[in-house]
Amino acid sequence: MKQQEEITLQSLTDNEDIQVGYSDNDIVIIDSIQKWAEISAAHVAMNAIAICTQGKIQVTMNGQTIELHKNQVAIVPQNVVITEPMMSPDFDLKAMFFTNRILQSFLREKMNVWNDVVYIRKMHVITMEDDELSFYTHLYDMLCLSFDKGKGQLFLTDVIQSLLRAGVLGLCGGLKKRMLTDGTPTTIDVHLANSHFQRFLDLLHATDVKHRKVEWYADELCISPKYLSALCKKHSGKTANEWIREHVLEDIRYYLKQTDLTMTQIADRLGFPNPSFFGKYVKEHFGMTPIQFRQGNI
């Protein structure tokens, strides 16, 4: 029996026991994962959305017991450890795995809904209503049709990602609706800690100039930088600096790929002191100049 499986883009696409429907540099879609019964523990390095299509499963996710039944959806943040799987003989599921980059690209300003669900409220399992189930059944049929008929098509990745974006946005819309009617009580201490972390995420999403030090965000929240970093690590497994960097990089990707703004305009809009500093930052994190990145298929 395996001790721990590392679930990454590479491991999913390389595993012959897993039926991969589609994969690119940011996404893997799994048609069936019945062989998961052989895994005793797994580190899930990517964000995941999975729907149980038959049977049921119980696992421990970062110390929390999770049960998933037919027509229920599991929402899994990146970098969690799943242990102690127990499943029915007929268990099977379909799953989509996303890098943080593509998830932020899909959701943009609505990313706070995802963060609120997975890191604050920890709503990891939801039950599909009939209309939701119908929507996602038809969406999956369209995805399968694209897989089968679109091989070799120049814009296949764009088509797949557009369909997936619609699905993820629809899911977040349903989650937002659930949150508005969620009356789950919390203790004062937990609520306060969650509130600070949520306020940090809200501030990060709302501010145009994200390229700032942790101290700036901490000052805006009236807490210490050390406390902010500890909260981020506790609730998400990521440091405040990692949260900031991910959002800065996604903004850079958006402005270089989706707008015609000049490098000077983008640098100014994102809070870099000058185009030269902006160019060095892009080179450091993307391995190419801003012009090369804008012209490349990345």
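Considering only residues two or more places apart in sequence or on other chains, Asn100 meets the side chain to side chain donor-acceptor pair (under 3.5 Å) condition with Asn47, Glu246. With sequence neighbours excluded, the residues forming a side chain to side chain donor-acceptor pair (under 3.5 Å) with His69 are Glu67, listed by chain and number. Applying the side chain to side chain donor-acceptor pair (under 3.5 Å) test to Thr259 and every residue at least two apart in sequence or in another chain returns nothing. Listed by chain and residue number, Asp251 satisfy the salt bridge (Lys or Arg N to Asp or Glu O under 4.0 Å) test with Lys210 (two or more places apart in sequence, or in another chain). Judged as a side-chain contact (heavy atoms from CB on, under 4.5 Å), and not counting sequence neighbours, the contacts of Ala267 are Phe272, Phe278. Arg165 pairs by the side-chain contact (heavy atoms from CB on, under 4.5 Å) definition with Phe106, Leu169, not counting sequence neighbours. For Tyr255, the ring-ring contact (aromatic ring centres under 6.0 Å, His included) test picks out no residue, with sequence neighbours left out. Taking Ile291 as the reference, Met263, Thr289, Gln295 meet the side-chain contact (heavy atoms from CB on, under 4.5 Å) condition, with sequence neighbours excluded. Val159 is linked by a side-chain contact (heavy atoms from CB on, under 4.5 Å) to Ser146, Gln153, Leu163, counting only residues two or more places apart in sequence or in another chain. With sequence neighbours excluded, the residues satisfying side chain to side chain donor-acceptor pair (under 3.5 Å) with Ser88 are Asp90.
A side-chain hydrogen bond (donor to acceptor under 3.5 Å, both in side chains) check over residues 263-281, counting only residues at least two apart or in different chains, returns the pairs Thr262-Gln265.
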Atom pairs and distances, donor-acceptor, side-chain atoms in residues 136-144, under 3.5 Å, two or more places apart:
from   : atom 1 : to     : atom 2 : distance (Å)
Tyr136 : OH     : Gly167 : O      : 3.1
Tyr136 : OH     : Leu171 : N      : 2.6
Thr137 : OG1    : Leu133 : O      : 2.7
His138 : ND1    : Ser134 : O      : 2.8
Tyr140 : OH     : Asp31  : OD1    : 2.2

